[in-house]
Amino acid sequence: MAKELKELTPREESYSQWYNDLVVKAGLAENSAVRGCMVIKPYGYAIWEKMRDALDAMFKETGHVNAYFPLFIPKSFLSKEAAHVEGFAKECAVVTHYRLKNDPQGKGVVVDPEAKLEEELIVRPTSETIIWNTYKNWIQSYRDLPILCNQWANVVRWEMRTRLFLRTAEFLWQEGHTAHATRQEAIEEAERMIQVYARFAQEWMSVPVIIGHKSESERFAGADDTLTIEALMQDGKALQSGTSHFLGQNFAKAFDVQFTNKEGQLDYVWATSWGVSTRLMGALIMAHSDNNGLVLPPKLAPIQVVMVPIYKGLDELAQIVARMEEIAAELKALGVSVKIDDRDHVRSGFKFAEYELKGVPVRLAIGPRDLAGGTVELARRDTLTKAIVPQAGIAAHIRALLDEVQQNIFQKALDYRQGMITRVDSYDQFKQVLEEKGGFLLAHWDGTPETEEQIKNETKATIRCIPVDAPDEAGSCIISGKPSARRVLFAKSY
RNA sequence: CGGGGUGUAGCACAGUCCGGUUAGCGCGCCACGUUCGGGACGUGGAGGUCGGAAGUUCGAAUCUUCUCACCCCGACCA
């Protein structure tokens, strides 16, 4: 069968191939003709739209508004903040010309050398610079603050190696950029938004995350502090799933954005930026999928319930579909999205496998026996269990079941994640656990970039974050033996 | 950007070493029929500049040179 997914346990070496296979076969995305860029297919995009809508509503609740800034950034803007240019310069796509012409040799078209731009334009890898150049004109007084803008956009980072959803040359994301009158207010904003991300990951994606601060060397280029949510995938590797940065006054100083405060004095504006991307799709896929395919949490499933008729002959099909439409109407009235698959050219068993591959949370099958007995066969994607239930009251039953599935998927991911957090107290133990088990390691660290670097070089594990809820615990660094006030979170990561 | 590998139908591949009819298999696709409570089967059919360019040869998917693209492993990163 062409649709058949390769059998694989998640920890095998070829997990990445299994993941790729799944993304393609479930109809989410595929590689495009353009190097490192992907095509997001309708089913994948439908999931992304659900994520986007849910996040957007959360941003609005927290007082944010949407705006849009240019795709192109003059090269000179990017060089204004030293750390920022250092971080992004190596992976920028650059526009150098604005016109093509017919090849004088007659071979298609060539870049017209006459049309060279005086100043090259960078395709945004992130929008801090263009936005702060704009904010400069918006801000004069403390009365103009805060500015709480978000934009939904695409960005380009010319990565050496790409993987569907996890790292593509072009990706979709949202980026919030806020300006504040005080340091404290900006810090609170950055913390508020990482909490929004954590809530979204857990309540919508059913993906448990650990919130924490990045170490200095993992921090966003140009930030004073980076907050992150870290999720754990089923192969034991971590995925940075969203970040929220306290930018201090770095961009305000680079773009000379000053305002008059209540006391009548000039001061630089305090800033944050925060973003999540289509990488969340990767997190969603890798956190829950099994050998039958995707497992989607009901809140993000484009189709929450699929109905498959089981029949002989078109008369019977029509009869069953008529009954299904009645049930579908009841479900839709409760806000449940339903698809009736009445295709006659594929058999029911094929449909079952197909919707499992696509991760549809609940499946109803109705055949002649059910029609006679007033029952349906109800199957859950998360547990792969089936039950015969009465048609009476089915809509309310399913509505409640969807919430249960949502919760169950989260609980399963949480149990796995909790089992994959290991406290280690020596470097030998660190290496052993990393090798044999993977997952998150909680260990003492002396706080120096040198130690972090050594661990990274020797084991490929990095500090994912210093968890915000890490309890104070006196200990000694697993490398240097120097004192440490709390454990930090290590893992191999994507 | 280093080290490996692969380009042949929508997909996955055989054929290439050792040149020789009209380039082949499976899946998918189209038509008809039989089926239908977990990925059906039969019969017939359509679909190819063998990644591209140049060369060697009576003759190139196959040999030579150049080139492009993609995949995997590193370094880099949401």
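In what follows, every chain begins at residue 1, and chains take the letters A, B, ... in the order their sequences are listed.
Rounded to an integer number of Å, the gap from CH2 of Trp152(A) to P of A78(B) is 19 Å. Summarising the geometry, the separation between OH on Tyr19(A) and P on C71(B) is reported as 14 Å, rounded to the nearest angstrom. To the nearest angstrom, P of G74(B) lies 16 Å from CD of Glu159(A). Between the C1' atom of C76(B) and the NZ atom of Lys460(A) lies a distance of 14 Å, rounded to the nearest Å. Rounded to whole Å, the distance from CG on Asp344(A) to P on C30(B) is 13 Å. Between Arg347(A) atom CZ and G28(B) atom C1' there is a gap of 17 Å when expressed in whole angstrom units.
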Which side-chain N or O atoms in residues 305-320 of chain A pair as donor and acceptor under 3.5 Å with protein atoms at least two apart or in another chain?
residue, atom, partner, partner atom, Å
Tyr311(A), OH, Asp344(A), OD1, 2.5
Glu316(A), OE1, Lys312(A), N, 2.6

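One N or O donor and one acceptor, one from the side chain of Glu356(A) and one from the base of G38(B), sit under 3.5 Å apart.
Across the P atoms, U8(B) and U62(B) are found 14 Å apart, a figure rounded to whole Å.
Remark: Asn31(A) is in phosphate contact with C71(B), judged by side-chain N or O atoms under 4.0 Å from OP1 or OP2.
Checked by atom type, the side-chain pair Ser273(A)/Glu128(A) shows a donor-acceptor distance below 3.5 Å.
Between Lys25(A) and Glu354(A) there is no salt bridge, since no side-chain nitrogen of the basic residue lies less than 4.0 Å from a carboxylate oxygen of the acidic one.
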